[in-house]
Amino acid sequence: MIKKLIIIGIMAGVVLIFFDLFNAFTGNEVLSKTADYYARNGAKEVGASNLVTSIVVTYRGFDTLGEVTILFLTAAIISFVLKIREEDIIPNRQVRITSEILDSAAQVIVPVIFMVGIYIFVNGHLTPGGGFPGGAVIASGVLLMIMANPKFGISHTVISWVESISGVAFVILGVLGILFAGGFLDNRVLGLGDFGKLFSAGIIPIIYSFIGLKVGAELSNILGTISHAQNEKN
Amino acid sequence: MEYIAISTGFALMLLGLWGILSQKNLIKIVLGFTIFDTGINIVMVSIGYVRGKAAPILDVINPSEAVNEIVDPIPQALVLTAIVIGLGVSALMLVYVLKLHREKNSLDINSFKDLKW
Amino acid sequence: MFVVIAIIIGVASLIGGYIAIHHEDLSVAIIASGLVSLFASILFLLLAAPDVAMTEAAIGSGLTTLIFFYVLNKIRQRND
C-alpha cells in the first residue's frame with residue numbers, strides 16, 4: 001500500500017515537472033537562432049544537402065565521436081559480461097530447423113540488404129539517412145543471417161578489424177581537419193564540390209561511411225554475442 | 001500536429017515510468033525503459049517542429065530560401081544519435097537481466113534482496 | 001488529414017504501450033513495445049524528420065525486439 005502511494009507521489013512529481021514544460025510549449029512559427037544560422041550558412045559552409053548530416057558530422061562532430069565511443073563501450077561490456085568458458089558450451093545444441101522459405105530467402109535478400117545499407121550511408125549527405133540508419137540496416141542483414149542459420153557464428157576477427165579501422169580512420173580524418181582546414185572534423189579538407197552531387201561536401205561522405213561501418217560492426221557484435229550466449233549450459 | 005505529438009510523447013513517458021516503478025518482472029522494467037526512451041525522443045523532435053515546414057533536406061528547396069522552408073534540424077540530429085545509444089543501453093540492461101536470472105533463477109525483482117538489511 | 005492520422009497513431013501507440021506494460025504474456029508485451037516504436041517512427045515522419053524515422057524503424061522495432069526475444073528464449077531455456 002505504502003509502495004503504491006510512493007509510486008503515485010513520484011508520478012505526481014514528474015507530472016508537475018513536465019506540466020510546466022508542456023504548458024510553456026506553444027509551437028514554433030520561426031526557427032530558433034542556432035537553427036537559423038545553420039539554415040542560412042549550412043549549404044555554403046559545409047556543402048551538404050541534408051542539414052541533419054552537416055550537423056551530425058561537422059558542426060557537432062565531436063558529439064558523434066563520443067556517441068560512437070559509448071556504443072563501442074556497450075558492445076565491449078556486453079562481450080565481457082556474456083563471455084562463455086569453453087567447458088560451458090553445449091557441444092551440439094539442438095536448434096529448431098529453420099523453414100525452407102527463410103533459408104532460401106535469406107541467401108537472396110541478405111546481399112540486397114547490405115547494398116541498401118551501404119547506399120544509405122554513402123548518400124548520407126544528399127538523402128535522408130546516413131551512418132546510423134545505414135549501420136542499423138547492415139546489422140539487420142546480419143540478424144537475418146543469424147536467424148536463417150542459428151549455428152552461424154560471426155567472425156570476431158573481421159568485426160574487430162572493421163570496427164577498429166573505421167574508428168581510427170574517423171579520428172585521423174578529424175585530425176586532418178586541424179592540419180588542412182579550420183579545426184577538428186572540419187570537412188573542407190577536400191574541396192566542397194558541386195552542391196547536390198555524390199562527390200561533394202568535402203570529407204563528409206567518407207566520414208559517414210566509416211561511421212556506418214563502425215555502427216554496423218558494433219551492433220552486429222552485440223547481436224552475435226547475445227545469440228552465441230544461447231549455446232551456454234544454463 | 002505538434003501538440004498531438006508532444007502529448008503522445010509525454011503520455012508515453014509517464015506510461016514508461018509507471019511500468020518501471022510498478023512492475024515486478026525485470027523484463028517488464030526494461031520494456032518500461034524503452035517506452036520511456038521512445039517518449040522522450042518524440043517530445044524532442046516535436047519541440048523542433050515548425051508549423052507547415054518541410055524536412056531539412058535542401059534538394060528541392062533552394063538553399064538561399066531555406067530559412068523559411070525547413071524545420072529545426074538540431075533536435076533531429078540529437079535524437080538520431082540518442083536512438084542508437086538507446087539500443088545499446090537496453091541491450092546492456094537485458095544482458096544484466098540474464099546474469100541476475102542466472103544468480104537467483106527468478107525474474108521477480110523482489111527476490112533480489114542481498115543488499116537489503 | 002495529417003492531424004487525423006497523427007491522432008489515430010498517437011492513440012494506437014498509447015494502447016500499445018499499455019499492453020506492453022500490463023499484458024501477462026511476455027511475448028505479447030515485447031511485440032507491443034515493438035509496435036510502439038513502429039508507430040513512433042510514423043509520427044517522426046509526420047513531424048518532418050525522415051532520418052529519425054528510418055533509424056527508429058530499423059533499430060526500435062527491428063533490432064531491439066529481436067534482442068528481447070533472444071534474452072527471453074535463453075531464460076525459458078533455463079527454466080525448462
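Numbered from 1 within each chain, the chains take letters A, B, ... in sequence-line order. Predicted, not measured: the structure shown is a model, and the values here were computed from it.
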Tell me, out of B:Leu15, B:Ile35, B:Thr38, who's got the most heavy-atom pairs with chain C below 4.5 Å. B:Leu15
Beyond-backbone contact of C:Ile75 with B:Ile27, side-chain heavy atoms, under 4.5 angstrom: yes
Is there a side-chain contact between B:Val79 and C:Thr55 in this structure, where contact means two heavy atoms from C-beta onward sitting under 4.5 Å apart? no
How far does OG1 of C:Thr64 sit from CG of B:Leu87, to the nearest 0.5 angstrom? 4.5 Å
Residue selection (most heavy-atom pairs with chain B, distance under 4.5 Å) from C:Ala32, C:Ser33, C:Ala48, C:Ser13: C:Ala48
Quick one: are C:Arg78 and B:Leu98 in side-chain contact, heavy atoms under 4.5 Å? yes
To the nearest 0.5 Å, how far apart are CZ in C:Phe44 and CE in B:Met44? 9.5 Å
Could you tell me the separation between the CZ atom of C:Phe39 and the OG1 atom of B:Thr8, rounded to the nearest 0.5 Å? 12.0 Å
With a 4.5 angstrom heavy-atom cut-off, is it the side chain or the backbone of C:Leu43 that approaches chain B, or both, or neither? side chain
With side chains defined as the heavy atoms from C-beta onward, is the minimum distance between B:Lys28 and C:Leu26 less than 4.5 Å? yes
Side chain / backbone / both / neither for C:Leu46 at chain B, heavy atoms under 4.5 Å: both
For C:Tyr18, I'd like to know if atom OH has over 12 heavy atoms of other residues, nucleotides or ligands within 6.0 Å. no
Residue B:Leu80 versus chain C: region with a heavy atom under 4.5 Å: both
Considering only heavy atoms, which portion of B:Ala11 lies under 4.5 Å from any heavy atom of chain C: side chain, backbone, both, or neither? both
Looking only at non-hydrogen atoms, find the nearest pair between C:Asp51 and B:Gln76 and report the distance. OD1-OE1, 4.3 Å
On a heavy-atom basis, which atom in B:His101 and which in C:Asn79 lie closest, and how many Å separate them? NE2-OD1, 3.5 Å
B:Ile20 portion near chain C, given a 4.5 angstrom heavy-atom threshold: neither
Counting only heavy atoms closer than 4.5 Å, note whether B:Val30 contacts chain C via side chain, backbone, both or neither. both
Which atoms of B:Gln23 approach chain C - backbone, side chain, both or neither, heavy atom under 4.5 Å: side chain
Contact origin within B:Leu107 toward chain C - heavy atom pairs under 4.5 Å: side chain
Side chain, backbone, both or neither of C:Tyr70 within contact of chain B (heavy atoms, under 4.5 Å): neither
Can you see which heavy atom on C:Ala29 is nearest to which on B:Leu31, and at what distance? CB-CD1, 3.8 Å
Heavy-atom contact with chain B under 4.5 Å, split by part of C:Ile67: both
Side chain / backbone / both / neither for C:His23 at chain B, heavy atoms under 4.5 Å: backbone
Please state whether the side chain, the backbone, both or neither of B:Thr34 comes within less than 4.5 Å of a heavy atom of chain C. side chain
Identify which part of B:Asn25 has an atom lying under 4.5 Å from any heavy atom of chain C, answering side chain, backbone, both or neither. side chain
Below 4.5 Å from any heavy atom of chain B, which atoms of C:Phe2 appear? Answer side chain, backbone, both or neither. both
